[in-house]
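Data first, discussion second: the structure below is written as structure tokens.
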Amino acid sequence: MDQVRELLAKFNSRFHSTPKVYRAPGRVNLIGEHTDYNEGFVLPAAIGFSCWVAIAPRDDRKLALYSENFDEFVEAELDYLKPHASGKWADYPLGVAWALEQAGNRLRGANIYILGEVPLGAGLSSSAALEVAAGFALMHLAQHAITLKELAVLCQHAENEFAGARCGIMDQFVACHGRAGNAMLLDCRSLDSKLLPLPPKVRLVICNTMVKHNIGSSEYNVRRQECEEGVRQLSKVLPEIRALRDVSLADLENNRGLLNDLIYKRCRHVVTENARTRAAAAALQSGEVAALRQLMADPHRSLRDDCEVSCPELDIMVDLAMRQPGVLGARMNGGGFGGCKINLVNAADSDQFRERAAQGYRAATGQRPDIYVSEASEGVAIAEPG
Ligand code: GLA
């Protein structure tokens, strides 16, 4: 049975009605990490794993949500939603309902069945996939129009204000706008984006360290505060800057004396990462895929040493990958502190890569990694039975 038919049947046996089904994808980020909340550049792609949401209206103003992944049922009244982080999965759909209503969209009560196939806590944006799928579904049900840009921004707002993670816009934006076969260069200040076709014979191979990451954890928010502190100090001599996006490497080096070592390193990561991201986008666009290898290796070092968001397991995986044939690039992916590594691998080498990476990781850490092979995929959509 296909995924949609299966969900229709499961929904029916729980809520005794026929729903509509929506899906939104997780993502990988090829380069541009911890730059989105600094109004910089990112280069993500949507992946072939989605969060699925089946929804049907109710006569009252209640949301009744069931998560298959957590086998948990939660109810909430639309009229009494208010930001509070419980740290649970329901913060995301409830947060989005809250944000949509705050923005003037009166929603309908609904029964909702959620099935997430994006691995949880693996740095593949399972939470953004859930937010975007739920937001899209709730707006359709209430017959309100919304642009995908507006939806992405409101989902980010929900995660910042309701769920308490001060994430940037990357994950929600690509869950909305992803396109099959393409990565996307996104300017996180203007929200202008450009699709960049990935070479057809290249696979996205995602290796999971199995170390769970949680971006609601205080370390992610601390990184953001450290970058803001950098802007505060630098703006004493560079009053025109608004975010690290506006700072050049020369500005940073000339004013290094204003920053303590830690803040300087954080700023250096962001400033150099923005430059690398634009260079990687240019390399993809002109078909110089060989240049990606170095462009992806440098950010891993910068994320490890300057941003300090890697972990020994990610470093081991990147070292292992760089020794395999057919690897066009490998680096940690997402917020860090565990989660997944992304590899761009020639399709012809991807089976062998998978085997060797798993063996090597097991020998080094005793852990069996999950490895997923994906193509770049489509953003949020309604799903019809196949
Ligand atoms: C998480 C956040 C994103 C981004 C990345 C790091 O995925 O949700 O907004 O900041 O970390 O690049």
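Starting from 1, each residue takes its place in the sequence as its number. These figures come from a predicted structure and were not determined experimentally.
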Is a side-chain N or O of [X] found less than 3.5 angstrom from the main chain of [Y], in a donor-acceptor match?
X    : Y    : answer
S125 : S127 : no
H300 : A330 : no
N254 : A250 : yes
D319 : M317 : no
Q324 : L320 : yes
S67  : E72  : no
R245 : E39  : yes
R266 : D306 : yes
E33  : G334 : yes
R242 : V231 : no

Exactly one of [options] should register a side-chain contact (heavy atoms from CB on, under 4.5 Å) with [X]. Which one does?
X    : options                : value
L252 : L244, L238, L259, V270 : L259
Q172 : H177, R27, Q156        : Q156
P19  : L8, L7, I55            : L8

Any heavy-atom pair between the side chains of [Y] and [X] that's under 4.5 Å?
X    : Y    : answer
I169 : V42  : no
I112 : L138 : yes
M170 : N29  : yes
V96  : P93  : no
L115 : Q3   : yes
L196 : M184 : no
E253 : Y264 : yes

Query raised in the report: In Å, rounded to the nearest 0.5 Å, how long is the span from CG of L328 to CG of L292?
Result: 7.0 Å

Report task. Measure the CG-CG distance between L284 and L195 for me, rounded to the nearest 0.5 Å. Result -> 12.0 Å

Requested in this report: Tell me, please, which residues at least two apart from S350 pass side chain to side chain donor-acceptor pair (under 3.5 Å).
Outcome: none

Query raised in the report: Quick one: side chain to side chain donor-acceptor pair (under 3.5 Å) partners of E288, sequence neighbours excluded?
Result: S286

Closest non-hydrogen atom pair between [X] and [Y], with its separation:
X    : Y    : answer
V309 : G335 : CB-O, 3.6 Å
A76  : L94  : CB-CD2, 3.8 Å
P369 : M210 : CA-CG, 4.0 Å
C188 : D36  : SG-CB, 3.5 Å
N160 : A165 : ND2-O, 2.9 Å
N69  : I114 : OD1-O, 4.1 Å

For the hydrophobic clusters of this structure (ILVMFWY residues joined by side-chain heavy atoms under 4.5 Å, transitively), does one cluster hold both [X] and [Y]?
X    : Y    : value
L249 : F41  : no
I206 : I31  : yes
L63  : Y22  : yes
F49  : L344 : yes
I241 : L258 : yes

Electrostatic pair [X]:[Y] at N-O distance under 4.0 angstrom:
X    : Y    : result
D298 : R301 : yes
K265 : E308 : yes
K10  : E6   : yes
E273 : R268 : no
R106 : E101 : no

Requested in this report: Start with the C-alpha distance between V21 and I382, add both sets of side-chain angles, then the distance that settles side chain to side chain contact (heavy atoms under 4.5 Å, CB included), and finish with yes or no.
Outcome: CA-CA 6 Å; V21 178; I382 189 162; over 6 Å; no

Report task. Show your reasoning for whether side chain to side chain donor-acceptor pair (under 3.5 Å) applies to R276 and S302. Result -> CA-CA 11 Å; R276 284 185 293 264; S302 178; 3.2 Å; yes

Distance-only side-chain donor-acceptor flag, [X] / [Y], under 3.5 Å:
X    : Y    : value
R23  : S50  : yes
N38  : T35  : no
N343 : K341 : yes
Q359 : E355 : no

Query raised in the report: Would L130 and V118 count as a side chain to side chain contact (heavy atoms under 4.5 Å, CB included) if you check the C-alpha gap in whole Å, the side-chain angles of each, and the deciding distance to 0.1 Å?
Result: CA-CA 9 Å; L130 171 51; V118 184; over 6 Å; no

Query raised in the report: Is the F11 ring parallel, tilted or perpendicular to the F15 ring (thresholds 30°, 60°)?
Result: tilted

Report task. Run the numbers on S190 and D187 for side chain to side chain donor-acceptor pair (under 3.5 Å), then give the verdict. Result -> CA-CA 6 Å; S190 65; D187 176 336; 3.3 Å; yes

More than 12 heavy atoms of other residues, nucleotides or ligands under 6.0 Å from [atom1] of [X]: is that the case?
X    : atom1 : answer
D79  : CG    : yes
R362 : CZ    : yes
R189 : CZ    : yes
Q233 : CD    : yes

Query raised in the report: Are E228 and R166 close enough, and set up right, to give a side chain to side chain contact (heavy atoms under 4.5 Å, CB included), and what steps lead you there?
Result: CA-CA 12 Å; E228 287 164 357; R166 298 187 63 213; 2.8 Å; yes

**Report entry** Lys NZ or Arg CZ of R14 over Y66 ring: under 6.0 Å, within 45°
**Finding:** yes

Query raised in the report: Under 6.0 Å between the ring centres of F73 and Y113?
Result: no

Requested in this report: Indicate, with yes or no, if the rings of W98 and H157 have centres closer together than 6.0 Å.
Outcome: yes

Query raised in the report: Under the side chain to side chain contact (heavy atoms under 4.5 Å, CB included) criterion, do R203 and S374 qualify, and how do the steps go?
Result: CA-CA 6 Å; R203 295 286 168 273; S374 179; over 6 Å; no

